[in-house]
Amino acid sequence: MTYYIFAGLIYACILAILLLVLVFGLRARRNVKHEKVTALAKGFSPLDVQHIFIGKTYPRRLTRALIVHWAQMGYIRVKHLDRNRVRLVPIKMPPNHADPDAVFFDRGTYVRECDLFVRLFDKRNSVEVNLNRAMFTRNQVQIINSAYAVREDEGVYSSAHYALKVLTTVLSVVPFFLASIYLFIVETGNGGAIICPFIMCMGLFFFRFVRDVPMFPRVAVGLAFGGSGVGVLISYYTQIYDPFGIGYTAVAILFIGSLILIRFVDYREKNNLSDYSDLINYRKYLLFARKSELLKFDYYAVLPYLYAFNIKPLVKRKFNCNELPPWYVSESGKRGKLL
């Protein structure tokens, strides 16, 4: 009887997660305008795409997108060095946000972008960039973000949005705790082993939220702690009678819920969905428009958004990109990975 109570609680948590994903995922889709968007506003930055999609900007993920965007805006010239490396030569500084010549979509994002530009060149005549690596150091980004009192996500997400994210995360972790309690206290009587879910949570927390640590050590620590807790639970559940598979189910929802399903729980205010709708519809247009229709657009003007949307390999063939842009210098005529 005890087993069925725990199984019911575990599957109730999973049902609650699925309902949250369904209700709020459909709510977001229902409030997204369905219309054809063939271009974004002039000055729209790849950082604006991140800001609207996820509420924060991560410039370390946008090396290629920002290079092309700044080149298109006339701020830099790009010199081809080899397949993976380019040299960036500053031509002019981005104008101050209060300057009439400043062209931008969101002032807060633009101000941060200008600071990134200044910190990157820092009185240097040129900067060599490996296109496969982040253009900015973590320290540079942290210093810039710490200079502002206003959160980047202000106006994009409400407190209810974050409350739902926390609730979904908790519901994803609770089945693992319930499965551990049943196994180590009820089934085996080994109460000391209940520390396993806490070890697992340490690994999950470190991987998800300690962003200051580089990816490789973060994954390594996450696997060391989280993997050990999950491994112990699975090894024990293979030795007991588990008709509903609560051990395996708890592990599955732990990762699927906290890493994948949580992304669909979106509670933006309706009046903040307009820009989000434009991005969704523009991305859809680029993905599904005919080649004959996209040929009329300047490939290099669209390229920063192809990078920001992460759809360049799928869409590039639809554009005419045979000629090099005026801001790209290549003595050999080679394009490299940037273009």
Side-chain angles (χ1 to χ4, degrees), residues 37-52 57-81 84-131 134-136 140-141 144 275 278-279 282 286 294-309 312 315-316 319-339:
V37 177
T38 61
L40 297 177
K42 186 178 180 181
F44 204 99
S45 167
L47 290 172
D48 288 315
V49 174
Q50 281 187 334
H51 184 231
I52 292 170
T57 59
Y58 295 97
R60 286 172 50 81
R61 303 178 186 176
L62 293 174
T63 292
R64 301 184 191 190
L66 285 174
I67 289 174
V68 179
H69 174 66
W70 287 343
Q72 282 291 121
M73 296 296 290
Y75 302 152
I76 62 174
R77 183 173 64 254
V78 182
K79 181 175 175 57
H80 172 85
L81 297 179
N84 297 312
R85 294 184 307 120
V86 294
R87 177 178 292 117
L88 310 182
V89 180
I91 298 174
K92 64 177 182 180
M93 300 297 295
N96 184 275
H97 68 276
D99 193 307
D101 294 331
V103 180
F104 55 84
F105 176 77
D106 179 85
R107 185 175 65 177
T109 303
Y110 179 75
V111 170
R112 284 178 167 87
E113 185 175 332
C114 291
D115 284 352
L116 285 169
F117 189 93
V118 171
R119 192 164 292 274
L120 175 66
F121 291 101
D122 194 24
K123 300 180 181 180
R124 290 179 286 182
N125 294 324
S126 65
V127 175
E128 285 193 14
V129 175
N130 186 324
L131 298 172
M135 187 163 52
F136 306 99
Q140 286 175 322
V141 176
I144 290 172
D275 299 330
D278 288 341
L279 288 184
Y282 184 52
L286 293 173
L294 292 182
L295 282 174
K296 64 184 179 182
F297 293 101
D298 180 1
Y299 166 67
Y300 300 108
V302 179
L303 184 56
Y305 311 124
L306 300 186
Y307 277 127
F309 292 142
K312 181 194 170 189
V315 178
K316 179 182 177 180
F319 290 89
N320 180 11
C321 51
N322 295 325
E323 295 184 4
L324 295 175
W327 45 261
Y328 193 78
V329 180
S330 177
E331 296 172 356
S332 63
K334 293 183 179 180
R335 306 170 63 85
K337 280 194 173 182
L338 180 64
L339 305 182

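This structure is a prediction, so every number in the text was calculated from the model and none was measured.
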- Verify side-chain contact (heavy atoms from CB on, under 4.5 Å) between V78 and W70, making sure each step is shown before the conclusion. CA-CA 10 Å; V78 182; W70 287 343; over 6 Å; no
- Steps toward side-chain contact (heavy atoms from CB on, under 4.5 Å) verdict (Y282, V302): CA-CA 11 Å; Y282 184 52; V302 179; 3.7 Å; yes
- Task: Evaluate the criterion side-chain contact (heavy atoms from CB on, under 4.5 Å) for residue pair Q50 and Y58; output intermediate values, then yes/no.
- Result: CA-CA 7 Å; Q50 281 187 334; Y58 295 97; 3.7 Å; yes
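Summarising the geometry of A65 relative to Y307, their closest heavy-atom pair is CB-CB, 3.6 Å, with the distance given to 0.1 Å. When all heavy atoms are compared, the tightest approach of L88 to M135 is CD1-SD, 3.8 Å. Closest of all the heavy-atom pairs between Y110 and A102 is OH-CB, 4.0 Å.
The structure places CG of D48 at 10.0 Å from CZ of F104, a figure rounded to the nearest 0.5 Å. Atoms NE2 and CZ, on H97 and R112 in that order, are 12.5 Å from each other to the nearest 0.5 Å. In this structure, OG1 on T38 lies 9.5 Å from CG on L286, to the nearest 0.5 angstrom. The structure places CD1 of I76 at 5.5 Å from CZ of F121, a figure rounded to the nearest 0.5 Å. To the nearest 0.5 Å, the span separating CG on L66 from CG on L47 amounts to 5.0 Å. Distance check, rounded to the nearest 0.5 Å: CZ of R85 to NE2 of H80 gives 9.5 Å.
No donor-acceptor pair closer than 3.5 Å links the side chain of R335 to the backbone N or O of L324. Judged purely by atom type and a 3.5 angstrom limit, Y299 uses its side chain to pair as donor or acceptor with the backbone of L339.
P59 places a side-chain heavy atom less than 4.5 Å from the side chain of V141. Y328 places a side-chain heavy atom less than 4.5 Å from the side chain of L338. Taking the side chain as every heavy atom from C-beta outward, V329 and V89 never approach each other to under 4.5 Å. The side-chain heavy atoms of D275 and F105, taken from C-beta on, include a pair separated by under 4.5 Å. For the pair K92 and Y75, the minimum side-chain heavy-atom distance is below 4.5 Å. Under the 4.5 Å side-chain criterion, counting only non-hydrogen atoms from C-beta, T63 is not in contact with N130. The shortest side-chain heavy-atom distance between P46 and V68 does not fall under the 4.5 Å cut-off. Between H69 and F44 the shortest side-chain heavy-atom distance does not fall below 4.5 Å.
More than 12 heavy atoms of other residues, nucleotides or ligands lie within 6.0 Å of NZ in K337, so this atom counts as buried by the packing criterion. With a 6.0 Å radius and a threshold of 12 heavy atoms from other residues, nucleotides or ligands, R107 has its CZ atom at or below the threshold. Atom CZ of R77 has 12 or fewer neighbouring heavy atoms from other residues, nucleotides or ligands inside a 6.0 Å radius. Summarising the local packing, CG of D122 is surrounded by more than 12 heavy atoms from other residues, nucleotides or ligands at distances under 6.0 Å. Under a cut-off of 6.0 angstrom, the local environment of CD in E323 is sparse, with at most 12 non-hydrogen atoms contributed by other residues, nucleotides or ligands.
Here D298 pairs with Q72, Y300, A301 under the side-chain contact (heavy atoms from CB on, under 4.5 Å) rule; sequence neighbours left out. The side-chain contact (heavy atoms from CB on, under 4.5 Å) check on V103 picks up K42, M73, with sequence neighbours excluded.
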